[in-house]
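Everything on this sheet refers to the single structure shown next.
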There are 2 protein chains.
Amino acid sequence: MGVSIGKPRVTITDTENREKSKETFRDYLNREGLRVTNQRLAIFDAAFRHPEHFTAEELLDQARAIDHSVSRATVYRTLPILTESGLVKEIDIGRDYKFYLASKGDKTEQAQVLCLDCDHIFEIDAPFMEWYAGSVSQKVGLEPEAIRLQVHSRCTRLRRNHQCEHYSARQG
Amino acid sequence: MGVSIGKPRVTITDTENREKSKETFRDYLNREGLRVTNQRLAIFDAAFRHPEHFTAEELLDQARAIDHSVSRATVYRTLPILTESGLVKEIDIGRDYKFYLASKGDKTEQAQVLCLDCDHIFEIDAPFMEWYAGSVSQKVGLEPEAIRLQVHSRCTRLRRNHQCEHYSARQG
DNA sequence: ATAACTGCAAACTGTTTGCAAGCGA
DNA sequence: TCGCTTGCAAACAGTTTGCAGTTAT
């Protein structure tokens, strides 16, 4: 897999993934009778160049850097297409805005660990979650369809050293 | 425990719980130098008379039935007091409004199973969750502080019979 | 050609806040 | 009395939507 937890590597597989995903995107648009527009492609590219989680507003900025004509409305109208095609994952961590993440072709369910100190979101493979959700659902006679496990945490390193790589990154 | 999963019973313990909790509320207000007002008490009562999850708007309605003078602003200003005192649990399931639930003195962590068909929220004891969150957090060197496990599910009964008790209840 | 798509700005929704009046300690 | 609390209405933030013009197919 192109990405390990400790040190996200930008390898050739990220570019490959982007190209393959763009093809998927085109196919999806055609299949749904939707048009392939410059704006949609710019938004797609912006999303897949983001190595981490991004907000709608950040996506707008990046997309505009690619195609100046992209508007906020189009970003908001395109995001559902991207999520429904499975290319982008929508992540709601209980803030008043949502986060998004370009899919890296993850097979397993993932949990989010949210650092309350540096605001970083870690995506963690959590294969066990699926089984657990099933067993918990069964208790009330339901069939699981989507799972969401989020752990809000504190960064011990940051508290001790008043610094950690993600915190520093955010502050610029 | 006063409540089991399959059939929530309204027993004497619910009333007892409310009275005990109201004392806790008064104590909390005093300790924090906050005033015991009619509006705050009405909002407290409204919350603890709700047997299930409720929204801020529903709480406002119920509180107004007790004290007509309660305003929306006061409800929104009182909810943080109730959650910070631990008497009411705030639940964010990714809708554009939050849910709240009067605490029944639950000790263990609870997961939510959300029925996408009838909109019902089941609270399920999930003692295992805590351990799991810890192990997942540790992977990235963080210390868990709060956990959130939500399973979005489909009601098999409803799909088969086009009916289930919670769905019927919602439709009135 | 024509229906899908776009940008703009206004609308929307749940929640928060500034202010002057009210009221608990 | 004092200042915490209140109701009101306006503000707020992220997102959605109506519309008239644009563009992919």
Side-chain angles (χ1 to χ4, degrees), chain A residues 22 25-47 53-85 88 90-100 119, chain B residues 22 25-47 53-85 88 90-100 119:
Chain A
K22 190 180 285 194
F25 186 43
R26 287 199 142 96
D27 289 351
Y28 181 84
L29 291 175
N30 288 330
R31 198 175 334 123
E32 298 286 319
L34 301 170
R35 292 181 182 169
V36 179
T37 64
N38 278 337
Q39 288 89 339
R40 282 176 179 164
L41 290 176
I43 293 166
F44 171 92
D45 279 336
H53 301 77
F54 53 87
T55 64
E57 205 60 27
E58 288 167 347
L59 184 59
L60 171 62
D61 288 346
Q62 303 278 331
R64 273 189 165 151
I66 297 169
D67 178 339
H68 190 64
S69 80
V70 173
S71 74
R72 183 170 288 106
T74 299
V75 166
Y76 278 108
R77 284 192 270 234
T78 303
L79 275 168
I81 300 178
L82 287 169
T83 54
E84 270 151 44
S85 70
V88 166
E90 183 186 278
I91 293 153
D92 188 319
I93 62 167
R95 306 239 170 133
D96 40 10
Y97 44 86
K98 293 194 176 95
F99 285 93
Y100 299 89
D119 266 2
Chain B
K22 190 181 285 194
F25 185 44
R26 288 199 141 97
D27 289 350
Y28 181 84
L29 291 175
N30 288 329
R31 198 175 333 122
E32 298 287 319
L34 301 169
R35 292 181 182 166
V36 178
T37 65
N38 278 337
Q39 289 90 340
R40 282 175 180 165
L41 289 176
I43 293 167
F44 171 92
D45 279 336
H53 301 76
F54 54 87
T55 63
E57 205 61 26
E58 288 167 346
L59 184 60
L60 172 61
D61 287 345
Q62 302 278 332
R64 274 189 166 151
I66 298 169
D67 178 339
H68 189 65
S69 78
V70 172
S71 73
R72 183 169 288 107
T74 299
V75 166
Y76 278 108
R77 284 192 270 235
T78 303
L79 275 168
I81 300 177
L82 287 169
T83 54
E84 270 152 43
S85 69
V88 166
E90 184 185 278
I91 294 153
D92 188 319
I93 62 167
R95 306 239 170 132
D96 41 10
Y97 44 86
K98 291 193 177 94
F99 285 94
Y100 299 89
D119 265 1

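Chain identifiers are assigned alphabetically (A, B, ...) following the order of the sequence lines, protein sequences preceding nucleic acid strands; residue numbering begins at 1 within each chain.
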Across the strands shown, which category fits A/Arg72 at heavy-atom distances under 4.0 angstrom: base, sugar-phosphate, nothing?
base
Check residues 39-47 of chain A and write down every donor-acceptor pair under 3.5 Å in which the side-chain atom is one partner and the other belongs to a residue at least two apart or another chain.
unit_1, atom_1, unit_2, atom_2, d
A/Arg40, NH1, A/Arg35, O, 2.8
A/Asp45, OD1, A/Lys22, NZ, 2.9
A/Asp45, OD2, A/Lys22, NZ, 3.2

Under 3.5 Å, which protein N or O atoms sit close to an N or O of nucleotides 9-14 of chain D? Give each pair with its distance.
unit_1, atom_1, unit_2, atom_2, d
D/dG14, O3', A/Asp96, O, 3.4

In the structure I gave you, are the side-chain heavy atoms of B/His53 and B/Ile93 within less than 4.5 Å of one another anywhere?
no
Could you check how far CG of B/Asp67 sits from P of C/dG22, rounded to whole Å?
16 Å
Toward the 5' end of DNA chain C, by each residue's nearest nucleotide, A/Gly33 or A/Val75:
A/Gly33
Could you list the residues that satisfy ring-ring contact (aromatic ring centres under 6.0 Å, His included) with B/Phe54, not counting sequence neighbours?
B/His50
How would you list, by chain and number, every residue that makes a ring-ring contact (aromatic ring centres under 6.0 Å, His included) with B/Tyr76, sequence neighbours excluded?
none
Side-chain heavy-atom pair A/Thr55, A/Phe99 within 4.5 angstrom cut-off:
yes
Short side-chain N/O contact to C/dT6 OP1/OP2 from A/Arg40, under 4.0 Å:
yes
Any N/O pairs under 3.5 Å between the protein and nucleotides 19-25 of chain D? List them or say none.
unit_1, atom_1, unit_2, atom_2, d
D/dA24, N3, A/Arg35, NH1, 3.2
D/dT25, OP1, A/Val36, N, 3.2

Apply side chain to side chain donor-acceptor pair (under 3.5 Å) to B/Ser71 and list each qualifying residue two or more places apart in sequence or on a separate chain.
B/Thr74
Starting at CD of A/Gln39 and ending at P of C/dC8, how long is that distance when rounded to a whole Å?
11 Å
